[in-house]
Amino acid sequence: MSAATPTLPSTSSALPPSVPTHSSQGPPTLSSTPLAPSSPTFSPVFIPPAEDPLLSLLTNIIMRDGKRHRAARLVTDTLSYLHSVTLAPPLPILREAVRLASPAVKVVTLRKSAKNLPSPRALNERQSTKQALRWILAASEKRSDKSLTHRLAKEVVAVVRGDSDVLKRKEEVHRLAVVNRANAPRR
C-alpha cells in the first residue's frame with residue numbers, strides 16, 4: 001500500500017499539492033490525507049490566543065449555559081470575519097472599538113432623605129471594558145444579520161468609524177454624570 005493517491009490529470013494542475021484529490025478507488029483514507037498543521041483552514045490571518053484578557057472577557061460575556069467552547073468559537077469566527085471585511089489584523093481593531101466605547105463613569109441612583117438622586121461613580125479599567133463590550137453586543141443584537149459573528153464584526157467596524165449607537169450611549173452617560181456631579185460622594 002502506498003501513501004500517495006493517484007490524481008486526475010485535469011485537476012492536479014488546478015489544486016495546490018497539499019489538497020488531496022479523489023481517485024476512482026474511493027474516498028481518501030486518513031493515511032492518505034496530509035495533516036499539515038501549518039495550513040489553517042479558517043483564515044490566513046493570525047488569530048490571537050484565547051488567553052488574551054480582552055478575548056477572554058468577550059468570551060465570558062457571550063457564553064450562555066456554561067458553553068464556553070461555543071462562545072470561544074463565536075469570538076474566533078468574529079475575528080476571522082472582521083479580518084475578511086477590513087483586510088487588517090482584527091485584534092487592534094477590536095481593541096480600538098472597545099477603547100472608544102469604554103465609559104469613564106457610571107450613574108447609580110442613591111436614596112437620600114426620601115429622594116432618589118443619580119450619582120456618578122468612576123469605573124476602573126476592567127469595569128469600563130466590560131461595559132463597553134456589553135454595549136457593543138447589545139447594539140449588535142439590533143442589527144438585521146442572522147449570524148452573531150457578522151452582527152458583532154459590523155458593529156465593531158461601526159464603532160471605529162464613529163457611527164454607532166454605542167458612542168451616543170457613552171456620551172449620554174457622561175453628560176448625565178456631569179449634570180449630576182453635585183450628587184457625587186465626597187471623600
Might you point out which heavy atoms bring [X] and [Y] nearest each other, and give the distance in Å?
X: V159; Y: A97; result: CG1-O, 3.4 Å
X: I93; Y: A88; result: CD1-CB, 3.9 Å
X: L87; Y: S84; result: CD2-O, 4.0 Å
X: R181; Y: V178; result: NH1-O, 2.7 Å
X: S119; Y: A184; result: OG-CA, 3.8 Å
X: K112; Y: N183; result: NZ-O, 4.3 Å

Report yes or no: does [X] contribute a side-chain atom to a donor-acceptor pair with the main-chain N or O of [Y] at less than 3.5 Å?
X: K170; Y: L100; result: yes
X: T59; Y: A71; result: no
X: S80; Y: T76; result: no
X: D65; Y: K67; result: no

(Q) Can you pull out every ring-ring contact (aromatic ring centres under 6.0 Å, His included) where at least one residue sits in residues 131-155? Sequence neighbours excluded, please. (A)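 Qualifying pairs, neighbours excluded: Y81-H150.
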**Q.** Selection residues 90-120 - residue pairs positive for ring-ring contact (aromatic ring centres under 6.0 Å, His included), sequence neighbours left out
**A.**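 Every candidate ring-ring contact (aromatic ring centres under 6.0 Å, His included) pair involving residues 90-120 fails, so no pair, neighbours aside, qualifies.
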Q. Can you list the steps and then say if R169 with D165 is a side-chain contact (heavy atoms from CB on, under 4.5 Å)?
A. CA-CA 6 Å; R169 191 169 182 181; D165 291 337; over 6 Å; no
(Q) With rounding to the nearest 0.5 angstrom, report the NE2 to CG distance, H69 to L74. (A)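 Separation between the atoms: 10.0 Å.
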**Q.** Spacing of D163 atom CG and K168 atom NZ [to the nearest 0.5 Å]
**A.**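 Going from CG on D163 over to NZ on K168, the span is 8.5 Å.
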Side-chain heavy atoms of [X] within contact of [Y], under 4.5 Å:
X: L117; Y: N180; answer: no
X: L133; Y: L54; answer: yes
X: L91; Y: P89; answer: no
X: P53; Y: L57; answer: no
X: D77; Y: L148; answer: no
X: R99; Y: R95; answer: no
X: L58; Y: L137; answer: yes
X: D145; Y: E155; answer: no

Establish whether [X] and [Y] are linked, either directly or via other cluster members, by ILVMFWY side-chain heavy-atom contacts under 4.5 Å.
X: V105; Y: L110; value: no
X: L167; Y: L94; value: yes
X: L176; Y: V173; value: no

Q: May I ask you to decide whether R175 forms a salt bridge with E172, counting only side-chain N to carboxylate O separations under 4.0 Å?
A: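 A salt bridge links R175 with E172.
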Q. For R68 and N60, what are the C-alpha separation, side-chain angles and deciding distance, and is it a side-chain contact (heavy atoms from CB on, under 4.5 Å)?
A. CA-CA 7 Å; R68 184 173 178 82; N60 288 341; 2.2 Å; yes
Q | Worked check of side-chain contact (heavy atoms from CB on, under 4.5 Å) between S140 and K154 | A | CA-CA 8 Å; S140 71; K154 288 179 181 178; over 6 Å; no
Q: Carefully, step by step, assess L55 and L79 under the rule side-chain contact (heavy atoms from CB on, under 4.5 Å).
A: CA-CA 10 Å; L55 297 181; L79 292 176; 3.9 Å; yes
Q: Would you indicate whether R143, at its atom CZ, is surrounded by more than 12 heavy atoms from other residues, nucleotides or ligands within a distance under 6.0 Å?
A: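 Count over threshold, so yes.
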Q) With sequence neighbours left out, what residues match L123 under side-chain contact (heavy atoms from CB on, under 4.5 Å)? A)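 Checked L123 against side-chain contact (heavy atoms from CB on, under 4.5 Å); matches are P103, K106, Q127, S128.
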